[in-house]
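Here the structure is laid out as structure tokens; the discussion comes afterwards.
Treat the numbers as computed from the prediction; the structure is a model and nothing was measured. In what follows, chains are A, B, ... by sequence order, proteins preceding strands, each numbered from 1.
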Amino acid sequence: MKFIYILSVLPFVGILGFLPFVNRVTPFVLGMPFNMFWMVIWVVLTSIILGVMYKFDPRNREGEEE
Amino acid sequence: MNSALIIILLFLVAAIFLGIRSTKGKDMNLEQWTVGGRGFGAVLVFVLMAGEIYTTFSFLGGSGWAYGKGAPALYVLIYISLSYVLSYWLLPVIWKYARDHKLVSQPDFFVSKYKSPYLGVLVAAVGVIAVIPVIVVQLKGLGIIVSQASYGAISMPAAIWMGAISLTLYVMISGIHGSAWTAVIKDIMMLAVIGFLGIYLPFHYYGGYGPMFEAVNTAKPGFLKFPEQGLSVSWFISTVILLVLGFYMWPQVFSSSYTAKNAKVFRKNAIISPLYTLMLLFVFFVGFAAILKVPGLSGGDVDLALLRISIQTFDPWFIGIIGGAGLLTALVPGSMLLMSASTLLAKNIYKPFAPQASEARIARLAKSFVPVVALISVYFTLNGGTTLSTIILMGYSLMTQLFPSLLFSLKKNNFVTKQGTAWGIVAGIIVVAYITISGSTIGTLFPSLPQQMKDINVGFIALLINFIVMWGVSMLTKQNEAGTKVC
């Protein structure tokens, strides 16, 4: 349970916490300015993290609470 | 009438037709009309919630901000994605409580948790006040789409009136069933149109994303970075946090979570939803592509960027398709907003003062409030002049004020009393009103702070004062009531 709590903080740290360090235009990645690329990658990671949370959340395993 | 307008009109007729069909054979009591009888599965809840989130604001306002402000526009993408992380925890709890207590609207939740019908009236009033600006945004969007697609033949005010009338009819006929089915079509249309524009325009005009951003970077150095002050990094971080807190406080979003069949729906939806938000990226690409191709738009006109560059590039029939998709992005959320505002007025503001009124009477009353709310919204649409983004941000500041008391109500031993909640919300709203009317920022209120602090979203002050008042009043009232234990 604790493990997935920590997971749900990660996207906030990755996007908001790191923003001051990644606020730059170069290098362009996939054609996008670096700060934009950073955010896009983290949105994808957010989905993956939520998927992992879902997998490890005991509430989703046992049948259904209704 | 040109082909663009004819196609847009066809979209409108199709949407209304679908709305009428979806209500056939169903007994429309208040619960059916507003929460669809609580029978929607994961897919429908997903499109319904996406329907409220991807509004004309993301369509026109998102590209408008990318055009006018550059990098700070990314806040739209980020706050929606991060809100889904919150939804993973928050929505199942809300849904379960709402189902167990047969709740229909958002204020019901506060009434039930804090055992105070008049708190429900206050929460409903906040909801109605905050929702009207968002309806205004949809009407403005409709106005922009129709008047641009008519190549100037239909004036903006005429287009707004037409939009308001169609919206009202649509809601009165179909309720939420119509919204859900139109939302499916709207999302498909919008994905197709935005995806196409976001890929075609950068490649057509610049030969790719890299060359486009490099061209923008050369023409406007620093535009693709967060600036040192104003819409800076600390503005971005604080604004995103504030929007995430407010995200699920909207009455229409809150109550569409009631439509789910079970709690797992939300956790499942949370996984794919952030990926879905990436669609907004294409909206931004359109805005960035427009910077060098349709230069010179400023102020509220930046919201025209998407349509202007499209008109310059495509034939009228295709403008009709884009306009049709845009029409649906205004119609679906607009109808849900109108419906929530009217239901709030009838069920949560009128009913507590007339407890003997029957369910059928409340349902009738809710329907008759629809045109009233629409008229009020038309008034503000015709008489206000700011960008879509500014209006939305104000609505959010209002809605966020419900977050502290909602959060504490989920705890088992909640120290917050109904008086604490009420005064906290009132204090927060007053601060938001003062800030909005006086145009204050943290920088103007506390000029001696360092620049990073000055750029923090001023909504935080309202939230902080809300919390302090809520805590203080709760402590006082709790002491009076119990006399013995304080915490």
- Item | Asn269(B) versus Tyr84(B), side-chain donor and acceptor atoms under 3.5 Å | no
- For Ser234(B), all residues meeting side-chain hydrogen bond (donor to acceptor under 3.5 Å, both in side chains), sequence neighbours excluded: Ser232(B)
- Message: For Phe288(B) together with Tyr67(B), are the ring centres under 6.0 Å from each other?
- Response: no
- Query: At a heavy-atom separation under 4.5 Å, does Ile78(B) approach chain A through its side chain, its backbone, both, or neither?
  - Reply: side chain
- Query: When the aromatic ring centroids of Tyr75(B) and Trp65(B) are compared, is their separation below 6.0 Å?
  - Reply: yes
- Message: Counting heavy-atom pairs closer than 4.5 Å to chain B, which one of Thr46(A), Val9(A), Leu19(A) comes out on top?
- Response: Leu19(A)
- Pull out the residues in residues 203-212 of chain B that come under 4.5 Å of chain A, heavy atom to heavy atom, sorted by number. Tyr209(B), Gly210(B)
- Of the listed residues (Val244(B), Leu77(B), Leu86(B), Ile237(B)), which shares the most heavy-atom pairs with chain A below a 4.5 Å separation? Ile237(B)
Quick one: side chains of residues 10-17 of chain A, donor-acceptor pairs under 3.5 Å with protein atoms, not counting sequence neighbours, listed by atom name and distance.
none

- Please assess Trp89(B) against Tyr5(A) for the test ring pair (Phe, Tyr, Trp, His ring centres under 6.0 Å), listing each intermediate value before the final yes or no. CA-CA 10 Å; Trp89(B) 300 106; Tyr5(A) 278 131; 5.0 Å; yes
Side-chain donor-acceptor pairs under 3.5 Å in residues 214-225 of chain B, sequence neighbours left out?
unit_1	atom_1	unit_2	atom_2	d
Thr218(B)	OG1	Glu214(B)	O	2.5

- Item | Of Thr239(B), Leu463(B), Thr400(B), the residue whose pairing with Asn457(B) passes side-chain contact (heavy atoms from CB on, under 4.5 Å) | Thr239(B)
- Item | Region of Leu82(B) in contact with chain A, defined by heavy-atom distances below 4.5 Å | both
- Can you tell which part of Val85(B) gets under 4.5 Å to a heavy atom of chain A, answering side chain, backbone, both or neither? both
- Item | Centroid-centroid under 6.0 Å between Tyr79(B) and Tyr396(B) rings | yes
- Task: Name the region of Ala270(B), side chain, backbone, both or neither, that has any atom closer than 4.5 Å to a heavy atom of chain A.
- Result: both
